[in-house]
Amino acid sequence: MKTYGRLPFGLARGEGCWVWDTAGRKYLDGLAGIAVNTLGHAHPKLVPALQEQVGRLIHSSNYYRVPLQEQLAARLVELSGLTNAFFCSTGLEANEAAIKIARKYGHDRGVERPEIVVYEKAFHGRSIATLSATGNPKIQAGFEPLVEGFVRVPLNDVAAVEEVARTHPDVVAVFLEVIQGEGGINLATIDYLRTVRRLCDERGWLLMLDEVQCGMGRTGKWFAHQWAGIKPDVMPLAKGLGSGVPVGAVVCGPKAAGVFGPGNHGTTFGGNPLAMRAGVETLRIMEEENLLDNAARVGAALKAGLAREFEGLDGVVEIRGQGLMLGIELDRPCGELLGRAAEAGLLLSVTADRVIRLVPPLTLSEDEAAQIVAILAPLVKDFLAGTAPPAVVAPLPKAPGQQPE
Ligand SMILES: Cc1ncc(COP(=O)(O)O)c(C=O)c1O
């Protein structure tokens, strides 16, 4: 089906932060399969572990105990300070489970028509429920009627969420990305996260933080919310968790962990031994190789390099992000940079029409970060010189820098 607008080449193999297409052309991977290949490609410790697991047991069933599931859950609980995990295979499934948890949490408390606070510019997936929670009319168009039960507010607007608290007695949860990825690398501020945590405590709401894209070490902590010193009640994960093998998870704290009972939720592939081994090994290797520190250090170097090239340049609105989740906002749509960058040997993406997104593997070196800047700088400058600035720049919502650098 014609679901994707694809570039005219296919990737055949990868090594570290580099990939080669079927014609043998080499690219520096600034995208990591959209924040997925945490360990880069063909990591020498991950490959033999997965090969060994394939030869041992790929899939069993949730009819039985899955020891590797217990191992990965224990690790996620330890890293997050939460208590329990449910496993699935993708980000939208993790979010779908979170939405179900919120609704059942409400019903268990006698709320017949529970509502969930969601955000402008949010992205939570493309199932009917998760696209209804998503704050992008382009993604929703053509799929109406949308799922009801969502109340939408702008990010970082305390008054808006307090107003919802006053006017919507059936709210049971707040659901947000700590850094909006598809929405243009928009950061929830530390103050905002703390305020929403407090509001959730006061009101008995669940705080549900979608860390599908910004989690798993990408910002320099295991989970992006940890910069704010808070804990969520529900945390959907996916993307980087399996370093390329499809794994999703919903990690819950005590307020939410007991909401599902047997029969309330499930999925055939969720938590299968191959996926769980990928998760266990990804976390182990991340720790062994200090990839959180690497993400923070190389991310800061990359951001500084981008700032040196672009700050003050007409047409560049802002460079923002944390660790190895960075966005360069231009004043005009720049989707064509995807193809131009690939021609120059760099993989990246453009979100929210005019934000160049860099989410490379967490193994990126400072030298590779410098190479990203060296390839990207002339491309962006040429692009800006060759295209007209818009008559009026429609501002994206601004999120002041969230975390200490
Ligand atoms: C924050 C966030 N949540 C959910 C999803 C959906 O994940 P998936 O594509 O694995 O369904 C994405 C995907 O980009 C995402 O960025």
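Whatever order the structure lists them in is the order used to number ligands and atoms, beginning at 1. A quick note: this is a predicted structure, and the numbers were derived from the prediction, not measured. Counting begins at 1 with the first residue of the sequence.
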Can you pull out the closest protein heavy atom to [atom]? Residue, atom name and distance to 0.1 Å, please.
atom                   : value
atom 4 (C) of ligand 1 : Asn95 ND2, 3.3 Å
atom 3 (N) of ligand 1 : Asp210 OD2, 2.8 Å
atom 7 (O) of ligand 1 : Gly91 CA, 3.3 Å

Using distance alone, decide if ligand 1 has a nitrogen or oxygen within less than 3.5 Å of any nitrogen or oxygen in [X].
X      : answer
Ala238 : no
Gly125 : no
Gln213 : yes

ask   = Under 30°, 30 to 60°, or over 60°: which ring-plane class applies to Phe86 and Phe260, parallel, tilted or perpendicular?
value = perpendicular
query = Would Lys381 and Glu309 satisfy salt bridge (Lys or Arg N to Asp or Glu O under 4.0 Å), going step by step from the backbone distance to the final call?
reply = CA-CA 9 Å; Lys381 288 173 187 170; Glu309 289 291 343; 2.6 Å; yes
query = Nearest protein heavy atom to atom 9 (O) of ligand 1: under 4.0 Å?
reply = no
note = Note: heavy atom closest to atom 1 (C) of ligand 1, options Glu177, Glu182, Gln180, Lys239, belongs to Glu177
task = Number the atoms of ligand 1 from 1 as they appear, then name those within less than 4.0 Å of a heavy atom of Leu92, with their elements.
result = 6 (C), 7 (O), 8 (P), 11 (O)
request  = For His124, counting its heavy atoms only, list the atoms of ligand 1 lying under 4.0 Å from any of them.
outcome  = 3 (N), 4 (C)
ask   = Does a sphere of radius 6.0 Å around CZ in Arg109 hold more than 12 heavy atoms from other residues, nucleotides or ligands, not counting ones at 6.0 Å or beyond?
value = yes
request  = Apply the salt bridge (charged side-chain N to carboxylate O under 4.0 Å, His left out) test between Lys45 and each candidate in Glu289, Glu281, Glu287; give the one that qualifies.
outcome  = Glu289
ask   = How long is the gap from CG on Asp353 to CG on Leu330, to the nearest 0.5 Å?
value = 11.5 Å
query = Does the distance from a Lys or Arg side-chain N to an Asp or Glu carboxylate O, for Lys121 and Glu182, drop under 4.0 Å?
reply = no
ask   = Is it true that Glu96 and Lys100 have a side-chain N and a carboxylate O under 4.0 angstrom from each other?
value = no
note = Checking heavy atoms under 4.0 Å, the part of Val212 that sits near ligand 1 is side chain
task = Would you check if Ser365 and Gln371 make a side-chain contact, meaning some heavy-atom pair closer than 4.5 Å?
result = no
